[in-house]
Enquirer: 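The following block contains the structure, expressed as structure tokens.
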2 protein chains.
Amino acid sequence: MKVFLDALKQISPLSEKAIEAFSEMTKEEELSKGHLLIKAGTVCNYIYFIEAGLSRTFYYKDGKDVTDWISAEGSFAASVVSFITRQPDIRNVELLEPSRICAISYANLEKLYADYHEIERLGRLLVSYGLVQLQNRFDDLHFASAQERYMKLMNTQPSLINRVPLGMIASYLGITQETLSRIRAKV
Amino acid sequence: MKVFLDALKQISPLSEKAIEAFSEMTKEEELSKGHLLIKAGTVCNYIYFIEAGLSRTFYYKDGKDVTDWISAEGSFAASVVSFITRQPDIRNVELLEPSRICAISYANLEKLYADYHEIERLGRLLVSYGLVQLQNRFDDLHFASAQERYMKLMNTQPSLINRVPLGMIASYLGITQETLSRIRAKV
DNA sequence: TTAATTTTTTGATAAATGTCAAAGGATAGG
DNA sequence: CCTATCCTTTGACATTTATCAAAAAATTAA
């Protein structure tokens with residue numbers, strides 16, 4: 001839990017009271033590799049913070065497994081669209097490594113937002129930073145070549161290369177695993 | 001201004017006081033086609049709401065004009081990444097039609113956020129819905145064909161087809177104008 | 001309206017990436 | 001340590017999309 005609360009404080013200062021309220025609303029769990037945090041077709045009722053470990057968000061498009069997002073320790077995992085819209089979504093979230101996570105439910109978070117202006121602010125900032133991250137990935141996908149995208153991933157998150165199977169990384173980058181394998185052979 | 005305030009109220013209820021504060025902080029303008037709202041290389045200090053008209057966000061990648069976003073009446077325009085991170089960004093925003101806009105500065109918005117919990121909530125919701133929109137476009141770019149993307153645009157925002165030059169729409173969809181022209185001829 | 005400019009289409013060709021198939025490697029459980 | 005499974009690479013070929021060039025169509029300004 002400490003890693004989680006420290007990360008929150010980094011985003012925006014929180015009073016002792018708010019931190020306590022947060023920690024009361026949050027439950028910590030140790031889960032094994034392969035555990036499904038969120039199942040496609042359901043409404044995502046939890047946001048997870050990865051204190052240790054690794055997860056990926058994925059769905060099926062035309063029968064093919066698409067890796068939408070990868071969350072390592074220190075970041076959040078969820079079916080964000082479903083969490084926000086309160087509609088079922090096609091995304092699953094699974095653990096790629098045994099992980100220690102903090103989970104907070106939609107209902108509890110709403111309560112915290114309503115009770116604490118400072119937590120509402122924190123939430124706004126978190127979503128804002130998420131938007132910036134997504135825009136960066138969007139820009140890559142928009143007009144960068146497969147090789148450019150791979151290079152950028154190597155520069156920004158090199159550790160993922162050894163922790164995530166190549167096929168999932170390829171899909172994350174929007175290419176096939178054969179193409180990624182060839183890029184890798186060339187570079 | 002009324003269109004803007006009504007749109008805000010739709011997102012989240014606001015007290016009379018908050019609405020008044022908002023309208024005091026907002027300035028309304030009529031601007032002509034071609035007007036540059038935001039210039040590349042600067043920090044984006046305003047968020048614009050388009051009451052009437054049309055804008056696009058664009059930048060240059062390898063000397064080529066890339067249309068990043070298109071905002072029609074009832075939506076927001078900004079260099080969102082720059083507005084959030086307070087860093088200069090490569091994006092420009094220009095008007096594609098004579099437009100009536102409402103502008104609110106970063107500093108004023110921060111003040112509103114600090115003074116009104118209800119406005120902070122509104123801000124969180126606005127960013128959240130923006131995130132959902134971007135995720136939808138991201139999904140298309142991730143693993144949908146050029147034709148699928150065009151079809152989806154036709155279904156969701158058909159009016160843009162007649163208001164925005166084909167080259168900009170093509171770029172918005174992540175393809176060349178020749179490819180879009182051929183898709184159009186085929187469909 | 002004409003003339004100039006911009007936008008869109010079309011054709012030929014090239015480049016990037018995908019698909020299918022199969023062979024090697026690596027890894028984990030019995 | 002052996003076998004089954006999963007992961008990665010490689011090859012041959014197909015498809016999609018980009019590039020370059022030029023013509024046709026539409027729009028704008030004089």
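Chain letters run A, B, ... following the sequence lines, proteins first, then strands; residues in each count from 1.
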Enquirer: Any side-chain N or O of B/Lys64 less than 4.0 Å from the OP1 or OP2 oxygen of D/dT19?
Expert: yes
Enquirer: Got a sec, which residues hit side-chain hydrogen bond (donor to acceptor under 3.5 Å, both in side chains) with A/Lys33, two or more places apart in sequence or on another chain?
Expert: none
Enquirer: Could you state the CD1-P distance from B/Ile169 to C/dT7, rounded to the nearest angstrom?
Expert: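 Whole-Å distance recorded here is 13 Å.
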Enquirer: Assess whether salt bridge (charged side-chain N to carboxylate O under 4.0 Å, His left out) is satisfied between B/Glu16 and B/Lys9, documenting all intermediate values.
Expert: CA-CA 11 Å; B/Glu16 274 307 314; B/Lys9 282 184 260 180; 5.7 Å; no
Enquirer: Salt bridge or not between B/Glu148 and A/Lys61? Use side-chain N to carboxylate O under 4.0 Å.
Expert: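 Between A/Lys61 and B/Glu148 there is a salt bridge, with a charged N closer than 4.0 Å to a carboxylate O.
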Enquirer: Between the side chains of A/Asp115 and A/Lys17, is the shortest nitrogen-to-carboxylate-oxygen separation below 4.0 Å, so that they form an ion pair?
Expert: no
Enquirer: Give the intermediate values and the outcome of salt bridge (charged side-chain N to carboxylate O under 4.0 Å, His left out) for residues A/Lys64 and A/Asp62.
Expert: CA-CA 6 Å; A/Lys64 283 178 197 162; A/Asp62 304 332; over 6 Å; no
Enquirer: Grab the CD1-P distance between A/Ile183 and D/dT9 for me, whole Å please.
Expert: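 In whole Å, D/dT9 P lies 12 Å from A/Ile183 CD1.
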Enquirer: What nitrogen or oxygen pairs link the protein and nucleotides 24-30 of chain C at under 3.5 Å?
Expert:
none

Enquirer: Does OH belonging to B/Tyr150 count more than 12 external heavy atoms closer than 6.0 Å?
Expert: yes
Enquirer: Charged N to carboxylate O under 4.0 angstrom, A/Arg100 versus A/Glu29?
Expert: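 The answer is no: the pair does not qualify as a salt bridge.
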Enquirer: With a 4.0 Å heavy-atom cut-off, tell me which residues in residues 146-166 of chain B come close to DNA chain D, sorted by residue number.
Expert: B/Ala146
Enquirer: So, using ring-ring contact (aromatic ring centres under 6.0 Å, His included) as the criterion, who are the partners of A/Tyr106 when residues are at least two apart?
Expert: A/Phe83
Enquirer: For the pair made of CG in A/Asp62 and C1' in C/dT19, what is the distance, rounded to whole Å?
Expert: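 To the nearest whole Å, that distance equals 14 Å.
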Enquirer: Answer yes or no: is there an ion pair linking A/Lys39 with A/Glu94, defined by an N-O contact shorter than 4.0 Å?
Expert: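 Result for this pair is no, no salt bridge flagged.
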Enquirer: Rounded off to whole Å, could you give me the CG-to-C1' distance for the A/Asp65 and D/dC7 pair?
Expert: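 In whole Å, D/dC7 C1' and A/Asp65 CG are 14 Å from each other.
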Enquirer: Hey, is A/Arg137 close enough to A/Asp68 for a salt bridge, meaning N to O under 4.0 Å?
Expert: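 Between A/Asp68 and A/Arg137 there is no salt bridge, as every charged N stays at least 4.0 Å from the carboxylate O atoms.
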Enquirer: Can you classify the ring geometry of A/Phe49 versus A/Phe4 as parallel (below 30°), tilted (30 to 60°) or perpendicular (above 60°)?
Expert: tilted
Enquirer: Check the phosphate of D/dT8 against A/Arg184, side-chain N and O only, distance under 4.0 Å to OP1 or OP2. Yes or no?
Expert: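 Indeed not, no polar side-chain atom of A/Arg184 lies that close.
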Enquirer: Relative to the 5' end of DNA chain C, which residue comes earlier, B/Ala185 or B/Met168, by the nucleotide with the nearest heavy atom?
Expert: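 It is B/Met168, whose closest nucleotide lies nearer the 5' terminus.
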Enquirer: For A/Glu97, is there an ion pair with A/Arg56 - N to carboxylate O distance below 4.0 angstrom?
Expert: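 No.
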Enquirer: In residues 170-182 of chain A, which residues come under 4.0 Å of DNA chain D by heavy atom?
Expert: A/Gln177, A/Glu178, A/Ser181, A/Arg182
Enquirer: Can a side-chain donor-acceptor contact be found between B/Thr26 and B/Ser23 if the only test is distance below 3.5 angstrom?
Expert: no
Enquirer: In dot-bracket form, how is DNA chain C paired, counting a Watson-Crick or G-U wobble pair only if both its distances are under 3.5 Å and using | for bases paired to another strand?
Expert: ||||||||||||||||||||||||||||||
